[in-house]
Amino acid sequence: MSRFELMGTTAQVKVVGDPDLERQAVARLHELERRWSRFVPDSEISQLNDVTGRPRVVSPDTCKLVHTACTAWRLTRGLFDPTVFDAVVASGYDRPWTHLAGSSVLRTEGMSASPGCGEIVVDVESSLVWLPRNVRLDPGGLGKGLAADIVAEELIAKGAEAALVEIGGDLRVAGAPRRHWKIGIEHPHWPGTIVGSCHLDDGGVATSSRLKRRWVLNNGERHHLVDPSTGQNPSSDLDTVTVVAGTAWWAEALTKALFLTPTHQWSKMLRGNTALGIDAEGAMTSSGNRRILRLAMRDSEVVDV
Amino acid sequence: MTDDERLQRVASLTTRRAAAGPIMNVRADRLTRVLMTASCAVSVAGAGALIANRHVVPATVTKQPAGDQPMRIDDSLPPLATLDGGRGGGESRVGPQESESGVATEPIGERSEISPGSSGDPGTTSVDPVDASSDTEVDAITGGS
């Protein structure tokens with residue numbers, strides 16, 4: 001098992017198979033970070049954001065990232081939106097988290113609605129991406145999830161029996177494990193305490209939390225989750241949302257969408273995937289499959305929607 | 001794809017993009033589909049061209065058809081997570097299950113293909129429930145970052 005710093009957080013790779021595959025996976029993840037980080041000035045995402053309004057040929061990896069982000073935007077009807085870049089920067093998150101943590105930021109510009117992906121052109125065959133003028137991308141958690149998906153699938157293609165790739169709690173498991181992968185869900189108010197677990201052979205798990213990545217903006221506290229329709233933090237009672245889906249990128253996109261979806265409409269958004277939400281009082285809401293999501297409390301303590 | 005082909009493709013996209021005119025409201029995806037349907041119904045070439053030119057909605061240019069046909073939208077959903085699936089022949093996705101509280105969870109459409117069944121059949125599953133509280137051994141922890 002390898003554990004290392006990546007994309008502003010901690011990552012780990014577990015491979016059942018040739019140990020050298022683990023080393024290759026770590027190198028591949030660093031390569032994806034160099035291509036996708038908005039904090040790396042010469043990353044392909046930074047270059048796309050610097051020159052909007054013109055088509056640009058990018059690597060197949062980056063083309064896939066933009067395509068996937070736009071797909072997530074469409075499938076969630078805009079509730080997940082990778083074009084929140086300007087809103088996120090306006091809110092003060094304009095530097096790597098390691099530099100922002102604990103900081104107090106002053107800003108005069110206001111936050112506004114995000115433009116969305118409707119005018120973005122992605123041509124996979126020519127590996128071309130065309131961002132409309134002043135539309136910029138923040139891959140955010142979806143970049144982490146997709147990186148986990150890509151590397152886990154590549155590991156299996158290279159002969160690994162099974163693989164787990166985790167980046168900051170967003171993860172993908174793949175292959176044919178000898179036993180089910182078991183992913184613990186951390187209680188948002190009691191770090192280190194597991195409230196339940198996700199059991200799966202192949203799929204992605206992601207959690208979004210409004211209690212992490214917080215900073216002070218103009219004397220008011222902010223966090224990294226953004227409602228694309230306002231540019232502001234979402235007005236949700238939930239502290240965390242965890243989703244289990246077939247891929248990590250889709251799980252990640254759904255966590256963002258569920259923060260903006262009334263719980264009674266979760267199943268419609270989830271389309272068969274599984275989710276757990278925990279609010280500020282510790283109350284839990286779940287939707288989906290209870291064989292995948294197993295909680296350490298009685299059913300009466302969890303609202304099924 | 002050769003450089004020449006790529007350049008040709010970029011030129012084609014550039015032309016189409018330039019013809020698209022004013023930026024269409026990104027929330028108008030539904031409107032685009034309505035217009036597309038309408039164009040099929042009335043078969044007005046001008047309307048078709050207009051829609052084709054405007055149809056640059058999210059990442060849909062994955063496979064650009066010849067001519068001025070509207071670009072295809074891939075509406076397929078990502079797969080579900082699997083448990084006890086994909087081994088020994090038949091793939092078995094985890095399907096909807098009635099929770100212990102008796103509240104049935106209902107995935108939409110065809111996403112869930114099977115429900116838990118007996119062991120021995122490669123197409124079905126049988127998993128012993130795990131008490132999450134009694135087993136703290138996990139492969140990873142998710143909690144946001």
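Just so you know, these numbers use all the heavy atoms, side chains as well, and skip hydrogens, waters and symmetry mates. Per chain, numbering begins at 1; letters A, B, ... match sequence-line order.
Contact annotation for residues 244-253 of chain A against chain B (heavy-atom separation below 4.5 Å, listed by residue number): A:Val244, A:Ala245, A:Gly246, A:Thr247, A:Trp249, A:Trp250.
With a 4.5 angstrom heavy-atom cutoff, A:Ala206 touches chain B only via backbone atoms. Using a 4.5 Å cut-off between heavy atoms, A:Leu164 touches chain B through its side chain atoms alone. Looking at A:Leu171, only its side chain comes within 4.5 Å of chain B, counting heavy atoms on both sides.
Every side chain to side chain contact (heavy atoms under 4.5 Å, CB included) that A:Thr240 has, sequence neighbours left out, goes to A:Pro188, A:Thr207, A:Ser209, A:Ile278.
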Decide yes or no on side-chain contact (heavy atoms from CB on, under 4.5 Å) for B:Leu77 and A:Leu75, but give the supporting numbers first. CA-CA 8 Å; B:Leu77 285 167; A:Leu75 290 174; 3.8 Å; yes
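The side-chain heavy atoms of B:Ile141 and A:Ile194, taken from C-beta on, include a pair separated by under 4.5 Å. In this structure, the side chains of A:Asn273 and B:Pro78 stay at 4.5 Å or more apart for every pair of heavy atoms.
Of the possible donor and acceptor atoms, none in the side chain of A:Lys182 sits under 3.5 Å from a partner among the backbone N and O of B:Val138. Checking side-chain atoms of B:Thr142 against main-chain N and O of A:Gly169 turns up a donor-acceptor pair under 3.5 Å.
Shortest non-hydrogen contact noted between A:Gln12 and B:Ala140 is NE2-CB, 3.5 Å. A:Lys212 and B:Gly144 make their closest contact through NZ-O, 3.3 Å (heavy atoms, listed as atom of the first residue, atom of the second, distance).
Between the CG atom of A:Asn289 and the CG atom of B:Leu83 there is a distance of 8.0 Å, given to the nearest 0.5 Å. From A:Ile292, atom CD1 reaches atom CG of B:Leu80 across 7.5 Å, with rounding to the nearest 0.5 Å.
With respect to chain B, the highest number of heavy-atom pairs below 4.5 Å among A:Gly203, A:Ser208, A:Gly184 belongs to A:Gly184.
Screening A:His180, A:Met1, A:Arg179 for a side-chain contact (heavy atoms from CB on, under 4.5 Å) involving B:Asp139 leaves a single residue, A:Arg179.
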